[in-house]
Number of protein chains: 2
Amino acid sequence: MNASLAVSTVIFALRSSGRFGGDEGERALWLPLVRRIREPYDGMWALPGGPLGDDEGLAESATATLERTTGLAPRYLEQLYAFGDPHRSGDTAPGEETGRAVGRVVSVVYWALVGEEEARAARVGQNVRWFRAEELPRLAFDHNLIVEYALWRLRNKVEYSRIASAFLGDTFTLAQLREVHEAVRGQVLDPANFRRQVEATGALVDTGEVLTGVRHRPPRLYRYNTTVDLADQGPLGRAAQQ
Amino acid sequence: MNASLAVSTVIFALRSSGRFGGDEGERALWLPLVRRIREPYDGMWALPGGPLGDDEGLAESATATLERTTGLAPRYLEQLYAFGDPHRSGDTAPGEETGRAVGRVVSVVYWALVGEEEARAARVGQNVRWFRAEELPRLAFDHNLIVEYALWRLRNKVEYSRIASAFLGDTFTLAQLREVHEAVRGQVLDPANFRRQVEATGALVDTGEVLTGVRHRPPRLYRYNTTVDLADQGPLGRAAQQ
DNA sequence: CCAAAAGTGTTCCAATTACACCCATGA
DNA sequence: TCATGGGTGTAATTGGAACACTTTTGG
């Protein structure tokens, strides 16, 4: 019989390493992993996922995994890649990846972004733990490679699309948006030039409100033009396809 | 049971509409399709593909399909997307896509580029026909959408990678490379600026030879630096992964 | 008034564009 | 020698990077 199909999801959140309630602190990318409770790779950490349901779409399955693992809904979701190498389990013995199927598994992997606010209150299940994306232990299967690839895609895409706003709330200041870019891209950006660049895209909408309570000049609050997709997916975005 | 898995391939070739042997003529993108001989969509044209073999990698399966359909080997091959919507057959009745499996099918689709020279001599099988990529009939399943998406990816990628050379032989003149870009991107490019841009990448190697027999100044023949991949796939390219 | 970040202005540099012009070959 | 595309030169324009400077708040 054919290989069996699983859907896994790389879930990214931006978290301040500082205490709760504090607006400040070093922001870094985190992601939730689940501990395996069967062979192969028993006891190791792995990406959340599961077998594809009989009448379930691929993106739908990724969303369900996200909800099951964190209780959250994605602010951005995109297919990453399909991994199907016959020996990707790294083991010569046939392994099960989903906890149910046996034998060869092809994984369609998605990556998701969740909001910073929601991520603070994310449910933490029994065998779920959040890790810094840059400091992962050795994961089950080829999941280290998958996370690396997802990080690469995220970092590329944040430069030429609007997905950075997925980490933020509906309204945000330009400094907040810039800090997301800085955290993901790993470099400091000139506030003046950053402002002009995002303003030049024409996608920013001035809400007319300002953020008060800060001990300096109150920054304006912006919103993104929601009639436009966060990222151009070409024909896939224009169709109702996913 | 789970959905079954198929691998399909969008195969692009660049063809002159002129006669054989003539170097000139309007170049356009063509692709081979196969005629379905079963329900659903019996008699309609579809992308070549087939079920994933038991011990076969995904890219390996795409390469095998390419060989079976055209007798050619890909000069460039990349995974496009996994399509798995439960109702992508467009039919409420359960359909078979591969000619063997029954029920729901998830297709991992690849796209490939083959050389212009090889494509002229491509084997044309019983139920295989080449079509201009811009003038396709209504295809089986969601294959029109898939081809549209593949075209979009090709046109994007040709601008920031070296995949255009996959349509050409080992050595080529800058005019030939420019004509490939013009055909794919659908716009004329300034020869002088095009030359400087590709030279600036440092990937061009002057072979020292020239192309003779033309009734004007003989152009130099170049080669691409083959130690570099045609396109940066990030961690996927660096690993032995496919 | 002072510190701090918001926001604006200006200069410099690199890349792209447009286009003029010379070069080398076949007919 | 002429037509044709190969190849080089150069000025104009654009866009980004760097950084000085003004504005507006809380303390």
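Letters A, B, ... mirror the listed sequences (proteins, then strands); counts begin at 1.
Rounding to whole angstrom units, CZ of residue A:F172 and P of C:dA6 are separated by 14 Å. In this structure, B:L177 places its CG atom 16 Å from C1' of D:dG5, rounding to the nearest Å. The distance from atom CG of B:L221 to atom C1' of D:dG7 is 15 Å, rounded to the nearest whole Å. Counting to the nearest Å, the C1' atom of D:dT4 and the CZ atom of B:R217 are 12 Å from each other. Rounding to whole angstrom units, CG of residue B:L204 and P of D:dG7 are separated by 11 Å. When the P atom of D:dT24 is taken as reference, atom CZ of A:R220 falls 11 Å away, rounded to whole Å.
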Derivation and outcome, salt bridge (charged side-chain N to carboxylate O under 4.0 Å, His left out), residues B:E26 and B:R15: CA-CA 8 Å; B:E26 189 94 339; B:R15 292 190 158 188; over 6 Å; no
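Applying the side-chain hydrogen bond (donor to acceptor under 3.5 Å, both in side chains) test to every pair with at least one member in residues 144-154 of chain B, sequence neighbours left out, gives these pairs: B:E78-B:R153, B:Y149-B:R153. Judged as a salt bridge (charged side-chain N to carboxylate O under 4.0 Å, His left out), the pairs with a partner in residues 212-230 of chain B (not counting sequence neighbours) are, in order, B:D206-B:R220.
Atoms CD and CD, from B:E179 and B:E116 in turn, are 9.0 Å apart once rounded to the nearest 0.5 Å.
The side chain of B:H216 sits closest to D:dT4 out of C:dG7, D:dT4, C:dC23. Relative to the side chain of A:A175, the nucleotides D:dT24, C:dA6, D:dG6 differ in distance, and C:dA6 lies closest.
Residues of residues 181-202 of chain A that place a heavy atom closer than 4.0 Å to DNA chain D, in numerical order, are A:D190, A:A192, A:N193, A:R196, A:Q197.
Between the side chain of B:R215 and the base of C:dT25 there is no donor-acceptor pair of N/O atoms closer than 3.5 Å.
Within the 6.0 Å centre-distance limit, the rings of A:W45 and A:F131 are counted as a close aromatic pair.
Using bins of under 30°, 30° to 60° and over 60° for the plane-to-plane angle, the ring pair B:Y224/B:F172 lands in the tilted bin.
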